[in-house]
There are 2 protein chains.
Amino acid sequence: MDKKGRSVNGSKKTIGSSDVARLAGVSRSAVSRAFTPGAYISPETRQRVVEAAEMLNYSPNAIARSLSKKSSGLVGIIASNLDNPYYALMLSALSSALQAKGYGILLLIAELDDMDALIPKLLSYQVDGVILPAATLSSKMAVVLERSGRPVVLVNRYLQQDVVSSVSGDNYGGGTAVADLLVKGGHRRIAYMAGLDDTSSSRDRGQGLKDRLATHGIAIYAQEAGQYRHVDAVAAARRLLSMTPAPDAIFCANDIMAMAALEVAKVEYGLKVPAELAIVGYDNSDPASWPLHQLTSVDQHLEDMVKLSVEMLLRKLVSGDTTLEHLTVPASLVVRASTRQTG
Amino acid sequence: MDKKGRSVNGSKKTIGSSDVARLAGVSRSAVSRAFTPGAYISPETRQRVVEAAEMLNYSPNAIARSLSKKSSGLVGIIASNLDNPYYALMLSALSSALQAKGYGILLLIAELDDMDALIPKLLSYQVDGVILPAATLSSKMAVVLERSGRPVVLVNRYLQQDVVSSVSGDNYGGGTAVADLLVKGGHRRIAYMAGLDDTSSSRDRGQGLKDRLATHGIAIYAQEAGQYRHVDAVAAARRLLSMTPAPDAIFCANDIMAMAALEVAKVEYGLKVPAELAIVGYDNSDPASWPLHQLTSVDQHLEDMVKLSVEMLLRKLVSGDTTLEHLTVPASLVVRASTRQTG
DNA sequence: TTGTACGCGTTATCAC
DNA sequence: GTGATAACGCGTACAA
């Protein structure tokens, strides 16, 4: 235990396949083969190599392997808004799924609009593919990605220009389902609290609501933007509830905003939910089911989206197929106590 | 725009420094130097190289660079429990901080106890350092990490065996602060809802509470474990509140559990908070400040912890210093409406 | 300041 | 089945 000072000098020699080869009395190729599943090598030599490797505490250098194989085994992910639990969950699920398939994750966080600087960095590390959860991708970068020849999957977003594959929840369908529920509940002054302006998710959810309401002969009563965030949603809810007459239902583009609306309605306006005001969220996040909220919400089936995204990416990865695909995962309504069933 | 079929055949030749060199009429080393900040190269040649590079859409291969420089520019992070918003935030902050310093993040998600399999994978990618947020590290892996010679920082956890550096919040101090607050509020039947059993954070928070209560001549009234999760916390809260007499204050080891306790108290037991029951959380997460909860909590100053962690890691990285360090970030009480100020 | 030549640790190819 | 040898793409002494 007194082997100190090993890093005072730079003598910490990194051991490589040649060291193992020497000890095992074989060639470097044999060592490589011993660590390559399904390679031509006799059981006994493999055994010798493995023993020598354990003795020397050797494990193959993935960087060198990547260089040689021209494939890093890494998938790049650019995440953002991890303060929103929904995206955090998405990242977690994506990582787990990729990991289960043997891929590592190169993670970058997009702060505001530095996306364009991040993608080249990702590509420089020779990632085998890229997954962009809920990202706003500039068309310029879409081209860069496309030209890189690496498969890319956009999760829960899509672009106007059809240049990147995507897997999304059925945001439009979710909106229509909410419309039906609210109309059936007898509501007529229905407001929409939107999320971020430039996101397809927020737009589609609102559009689904409006279109379906229109078939019932009802126009949207009001609309405010809550930026998918609690603070902004509180302000938006105040604007909505101070109208006269106030809306009798608010559909919020995510659960966080819905909980904010719930708060404002109960605490500041003393409203009874759902008797005087119905509130619907989106994401069916964990807190939505908590007794205190009992929030009706739309489940996007995150697990399915993630599963399909990863499957799509890996399929493109192995096949080299570059055709664009767009998958939509059905959404389903989860009715709880924040909405009433009949009018 | 009709240049199709580029990936039908594998003719997508990856361009390297030699291609750029040829076009610019210089040697490969010149290209390398053009992309190496602070290298000996004349402005005009650099200019020529840069132009050629842009023309060919070249950017250096980070994998090859890593192999050559024996440093990947990657920091490994093993995250877990990303369904807990606090950890998600921590990951986000860590990534951002590292990214700002020019490092990339190699992310792995620890599902349950597969930690021991993950670390070698991380090391095989030649990460320059490792950050383990809130991880339960086996002593065996601690040794593997130590032997790898790479700096490691444990965030908000520490080990009994002093073998890995760490940055933690002052969990014990947080516990004592809560004890003082509750005693001042006139509470005498004070319960503790612990988090995960084997975590130092949960243990220390509870110990701080108990020790300080003891100086006031008060023993802990009851203790239950909520595993840092909402569902388990609901069950734990029920056990506590069904006691006779019930506790008049509950200190929960995180905000999620505190909100669960709040729910059970209000919804199921019809208790007035804080008149009949005081509740204190930990983390001072965003929802704690929401009007509906108004939860008194302990702020760990996550940003500071992250900043210090990254600084510590990078310092060790550049200096090669392998001495163990343990930093503690003071916690501060944030008093809100879920506790009363006087008895 | 620039170019040459070698090394980084691995895999793939080809003879044996 | 096994072992030389040549890539992989880049950094960097060293010499010029």
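A, B, ... follow the sequence lines: proteins, then strands. Residue 1 opens every chain.
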Atom pairs under 3.5 Å, N or O on each side, protein against nucleotides 14-16 of chain C: can you list them with distances?
none

Anything under 3.5 Å between a protein N or O and an N or O of nucleotides 5-8 of chain C, put it in a table, one pair a line.
| residue | atom | partner | partner atom | Å |
| --- | --- | --- | --- | --- |
| C:dG7 | N2 | B:S68 | OG | 3.2 |

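Taking a 4.0 Å limit (strictly below) on heavy-atom distances, residues 20-27 of chain B reaches DNA chain C at B:V26, B:S27. Near DNA chain C, meaning a heavy atom under 4.0 Å from it, residues 36-49 of chain B has B:Y40, B:I41, B:S42, B:T45 in order of number.
Applying the ring pair (Phe, Tyr, Trp, His ring centres under 6.0 Å) test to every pair with at least one member in residues 303-325 of chain B, sequence neighbours left out, gives no pairs at all. Under the ring pair (Phe, Tyr, Trp, His ring centres under 6.0 Å) criterion, the residue pairs touching residues 27-58 of chain A are A:F35-A:Y58, with sequence neighbours excluded. Pairs of residues two or more places apart, or lying in two chains, that qualify as salt bridge (charged side-chain N to carboxylate O under 4.0 Å, His left out) and include a residue from residues 19-46 of chain B are B:K13-B:D19, B:D19-B:R22. The salt bridge (charged side-chain N to carboxylate O under 4.0 Å, His left out) pairs that include a residue from residues 51-75 of chain A number zero, where partners must be two or more places apart or lie in different chains.
Salt bridge absent: B:E311 and B:R315 never bring a charged side-chain N and a carboxylate O closer than 4.0 Å.
If one axis is set at each end of the helix from C:dT1-D:dA16 to C:dC16-D:dG1 from five pairs, those axes are 40° apart, to 10°.
Residues passing the salt bridge (Lys or Arg N to Asp or Glu O under 4.0 Å) test with B:K101, sequence neighbours excluded: none.
Heavy-atom contacts of chain A under 4.0 Å fall on DNA chain D between two terminal nucleotides, which in 5' to 3' order are D:dG1 to D:dG9.
A straight line from CD of A:Q126 to P of C:dT10 spans 19 Å, rounded to a whole angstrom.
B:S95 and B:S92 share no donor-acceptor pair across their side chains, judged by distance under 3.5 Å alone.
When heavy atoms are screened at a 4.0 angstrom cut-off, A:F35 is found touching no nucleic acid atom at all.
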Could you go through residues 122-130 of chain A and list every donor-acceptor pair under 3.5 Å that involves a side-chain atom there, pairing it with any protein atom two or more places apart or in another chain?
| residue | atom | partner | partner atom | Å |
| --- | --- | --- | --- | --- |
| A:S124 | OG | A:K121 | O | 2.8 |
| A:Y125 | OH | B:S72 | O | 2.6 |
| A:D128 | OD1 | A:S71 | OG | 3.4 |
| A:D128 | OD1 | A:S72 | N | 3.1 |
| A:D128 | OD2 | A:S71 | OG | 3.0 |
| A:D128 | OD2 | A:G73 | N | 2.8 |

